Each structure stands twice: as C-alpha cells, then as structure tokens.
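First the structure, in the form of structure tokens, and then the observations on it.
We name chains A, B, ... by the order of the sequence lines, and we start the count at 1 in each one. These figures come from a predicted structure and were not determined experimentally.
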There are 2 protein chains.
Amino acid sequence: MNSQSDQIKQDTGFINESLINVYDSIMRIEESEIRKSRFKDITAKEVHLVHTIGLHDRKTTSEVAHILKLSKGTLTANLNNLERKGYVMRIPNVEDHRIINLGLTSKGRLLYRAHDAFHKLLVQRFLKGFNDDDIHLIKQAMVNLEDFIDEVSAK
Amino acid sequence: MNSQSDQIKQDTGFINESLINVYDSIMRIEESEIRKSRFKDITAKEVHLVHTIGLHDRKTTSEVAHILKLSKGTLTANLNNLERKGYVMRIPNVEDHRIINLGLTSKGRLLYRAHDAFHKLLVQRFLKGFNDDDIHLIKQAMVNLEDFIDEVSAK
DNA sequence: TAATTTAGTTTGAATATCAAACTAAATTTC
DNA sequence: GAAATTTAGTTTGATATTCAAACTAAATTA
C-alpha cells in the first residue's frame, strides 16, 4: 500500500518528466497539424515567428528579434523565407526610414488563426474536467513557473 | 468589476500564452545554468541527449534516435560530439555485434545529476504553495495534455 | 555640418540536419 | 548450410540555420 507521501513523490516525478517531454511533442504536433492543412511549407519555428509578429502590432524587426532572442541577421533570413512564401510583409516605416515594421499577409493571418485555434483546443484538453477554481490554481502554477524563469534569467 | 466567466477567460488565456512561452525559456535557462557550472561546452540539445541516454539503461543508438526523433545519421554526429567532449561512451554489444549500447562517463553522470537537480528545483517552484490535492490535480492536467498529444500523434 | 548612433541587411564561417548509399553483422529462406 | 534479406550504425553530400562582424542608409547629437 502506498503512503500519502509516496503518492506525492509519484505525482511530482510525473510532473517533472512531463515538463521535460511535453514541449517537444507540442512543437512536433503543431508542425504536423499545420502541414496537414493548406500550409504545407511551414515549420514549427516559422509558426512561432508568425505568432510573434501577430495580427495587429506592426512590430519592428528588432523588437521581434529581441523577443525571439535571435540575432538580427538570423531574423532577416527568416523573414526573407516567410516573405517569399507569402506569409509576411515588410512595411517601411514612413516616419523613420531606418525602421521596417512587420505584418502578416492574408495568408499569414489564416495561418495565425489556424495555429491559434489548435492551441486553444490544446488548452481546452489540458483543462478538461476541471472547474473554475481548479483552473485558477493551474494558472497559479504557471505563474510560479514564469516567476522562477524570470528570477533565474535576471540573476 | 469582472464576472466569474471573465476571470476564467483570463486564466485560460494566460495558460495558453504560458504554454507557448514557457518552454523556450526553460531550454534557454537550462543551457545558461549548465554553462555557468563546470559544463561550459554543453548545449541544451546535448543535455537533452544526455538525459535520454540516462544513468542505467544502456539504450541502443537506434532506441535513442527513435525517442528523440532524430535520423540515425544525425544521432551518430551528436554522439561523436559528446564522446569527443567526454560525456558519452559507446559500448559494443557482445551478443550482437551490430549493436552499440550507450552509456554516460563519470563526467556525463555528473552532468546528468546537475541537470536533474535543476529540473527538480524548477518543479519545486512550479508547485510552490500547493497542497497534496492541488499537486494531484496539476498532475492530472499534465496527464490530459499527454493524452491529447498521444491522440493527435496517433491519428 | 560633422560625428555618432541606430535599424536592418549582407557576408562568411560554423554547425545541424536529413536522406541515401554504404558496411558489417545477424537472421531467414530455400 | 549457402544465398538472400534484414538490421544497426556510419559515412557522404546537400541543404538549412545560426551567429558575429562588416556594411549601408537614415536619424540624432554635438
């Protein structure tokens, strides 16, 4: 018979393994789902970039590079690819001619929404069977995790 | 004043964003923490490979390639690097001479444990302030997520 | 107006990845 | 039990990703 504390050890052990394993899988299925749809030329990294560019923000190239922690040169290369494939637009900034703002084409917006829908489905399943209090508690655990990440990143 | 359902929308929205953002950060801080220690020549991907090889299993090259979803050629290249750096051993299988089993050197085991300790700290912080029932509930959410991943991967 | 800073691109080198061809060993088939 | 097939892992050649540093053009500051 398992004691209460054995149960907890088992739970935390499972959560540990899960945190390690889950993301890789999420990236993989995101990519394979998106490629089953009409977006056959898109990788997981590219979806991530499209998500970061977003629907409405018109971020600059530097802002996006900073968010994704990519060098400026790498981002330029990635943007060239997504522009060539027709998902992303470079929008010269009229006030400051050094700046390029980024936007999604209509195809890019479709991709954004398809990815977003898949993610919402994923979260729905993640939270399946939980009531509002439970969900609030799970949210708090994610806050903890982000706090820890911020702390470690800062030091 | 927010209604209850607004609160839930906010929570699930946060969880959604969090799931997207958190892993990248985890990979990044894992790498930077490991490089602050005595393991300065190691990338996040390599830690992941060392974790997969594990302390006791003596997995084959093909098993590890399958787990990490890498081609055999890619894994050979990765193993060459980790062998050169002194973390991984190739152990010829005496019963079947085609097979190479994989193991960690003592340096590799040190790296494994350092990474494991960091991960345990991370989970500890993830679960900070929760009681046993809460933890069990969070574990259940992770099970949900893995189920969803398995379902989508299978179809 | 000259010097400096800033935003983004280009360049060149290093690394990672894959699929396909290959080698050697084990298993199956006849 | 020899020949054909399968399996495990490596090598090869091509492609893609990434970075830092040099560069260009525009804006800001001195």
Side-chain angles (χ1 to χ4, degrees), chain A residues 24 27-28 30-32 34-35 39-53 57-85 87-103, chain B residues 23-25 27-28 30-32 34-35 39-53 57-85 87-103:
Chain A
D24 246 25
M27 287 294 272
R28 219 181 304 280
E30 277 190 354
E31 179 164 317
S32 74
I34 222 75
R35 291 176 87 122
F39 309 107
K40 307 208 183 306
D41 56 354
I42 285 291
T43 65
K45 275 180 188 170
E46 287 173 326
V47 179
H48 200 183
L49 176 47
V50 165
H51 176 87
T52 304
I53 290 172
D57 298 2
R58 301 266 154 127
K59 295 187 180 77
T60 68
T61 301
S62 295
E63 279 168 357
V64 172
H66 181 251
I67 293 170
L68 296 178
K69 269 118 182 162
L70 294 174
S71 72
K72 295 184 298 172
T74 299
L75 192 66
T76 294
N78 293 175
L79 290 174
N80 290 343
N81 290 338
L82 281 176
E83 198 175 47
R84 181 173 35 76
K85 293 180 190 172
Y87 293 93
V88 164
M89 286 184 306
R90 282 177 162 101
I91 306 155
N93 186 299
V94 257
E95 272 149 39
D96 185 334
H97 292 268
R98 294 169 305 177
I99 293 175
I100 304 285
N101 291 103
L102 299 175
Chain B
Y23 178 86
D24 246 26
S25 314
M27 287 294 272
R28 220 181 304 280
E30 277 190 354
E31 179 165 316
S32 74
I34 221 74
R35 291 176 87 122
F39 309 107
K40 307 208 184 305
D41 56 355
I42 285 292
T43 65
K45 275 178 188 171
E46 287 173 325
V47 179
H48 199 183
L49 176 47
V50 164
H51 177 86
T52 303
I53 290 171
D57 298 2
R58 301 267 154 126
K59 295 187 181 76
T60 68
T61 300
S62 296
E63 280 168 356
V64 172
H66 181 251
I67 292 170
L68 296 178
K69 268 116 183 165
L70 294 174
S71 72
K72 295 184 299 171
T74 299
L75 192 67
T76 294
N78 292 176
L79 289 174
N80 290 342
N81 290 337
L82 281 176
E83 199 175 48
R84 182 173 36 76
K85 292 180 190 172
Y87 293 92
V88 163
M89 284 185 305
R90 283 178 162 102
I91 306 155
N93 186 300
V94 256
E95 271 147 40
D96 185 335
H97 291 265
R98 295 168 305 177
I99 294 175
I100 304 285
N101 291 103
L102 299 175

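- Remark: Lys45(B) pairs with no residue by the side chain to side chain donor-acceptor pair (under 3.5 Å) rule, at least two apart or across chains.
- The structure places OG1 of Thr76(A) at 11.0 Å from CG of Asn81(A), a figure rounded to the nearest 0.5 Å.
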Dump the pairs, protein N or O against N or O of nucleotides 6-10 of chain C, anything under 3.5 Å, distances to one decimal.
| unit_1 | atom_1 | unit_2 | atom_2 | d |
| --- | --- | --- | --- | --- |
| dT6(C) | O4' | Arg98(A) | NH1 | 3.3 |
| dT6(C) | O2 | Arg98(A) | NH1 | 3.2 |
| dG8(C) | OP1 | Thr61(A) | N | 3.4 |
| dG8(C) | OP1 | Ile100(A) | N | 2.8 |
| dG8(C) | OP1 | Ile100(A) | O | 3.0 |
| dG8(C) | OP2 | Ser62(A) | N | 2.8 |
| dG8(C) | OP2 | Ser62(A) | OG | 2.4 |
| dG8(C) | N7 | Lys72(A) | NZ | 2.7 |
| dG8(C) | O6 | Lys72(A) | NZ | 3.3 |
| dT9(C) | OP1 | Arg90(A) | NE | 2.9 |
| dT9(C) | OP1 | Arg90(A) | NH2 | 3.3 |
| dT9(C) | OP2 | Thr76(A) | OG1 | 2.7 |

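- Within the structure, a side-chain polar atom (N or O) of Lys45(B) is placed less than 4.0 Å from OP1 or OP2 of dT17(C).
- Residue Asn81(B) places at least one side-chain N or O closer than 4.0 Å to OP1 or OP2 of dA16(C).
- Listed by chain and residue number, Ile26(A), His115(A), Phe118(A), His119(A) satisfy the side-chain contact (heavy atoms from CB on, under 4.5 Å) test with Glu30(A) (two or more places apart in sequence, or in another chain).
- With sequence neighbours excluded, no residue forms a side chain to side chain donor-acceptor pair (under 3.5 Å) with Asn78(A).
- In this structure, the CG atom of Leu70(A) is 16 Å from the C1' atom of dT15(C), given to the nearest Å.
- Between Asn93(B) and dA25(C), a side-chain N or O to OP1/OP2 separation shorter than 4.0 Å is absent.
- By the side-chain contact (heavy atoms from CB on, under 4.5 Å) test, Ile100(A) is found to be paired with Thr61(A), Arg90(A), Leu102(A), residues two or more places apart in sequence or in another chain being considered.
- In this structure, Leu68(B) atom CG and dC18(C) atom C1' are separated by 15 Å, rounded to whole Å.
- Of the residues near DNA chain D, Glu46(A) and Val94(A), the one whose nearest nucleotide (by heavy atom distance) lies more toward the 5' end is Glu46(A).
- Across all strands shown, Glu95(B) has heavy atoms under 4.0 Å from sugar-phosphate atoms exclusively, and none from any base.
- When rounded to the nearest whole Å, the span between NZ of Lys69(B) and P of dA19(C) equals 15 Å.
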Which pairs would a plain distance check flag for residues 64-73 of chain A, meaning a side-chain donor or acceptor within less than 3.5 Å of a matching protein atom at least two apart in sequence or in another chain?
| unit_1 | atom_1 | unit_2 | atom_2 | d |
| --- | --- | --- | --- | --- |
| Ser71(A) | OG | Thr74(A) | N | 3.1 |
| Ser71(A) | OG | Thr74(A) | OG1 | 2.9 |

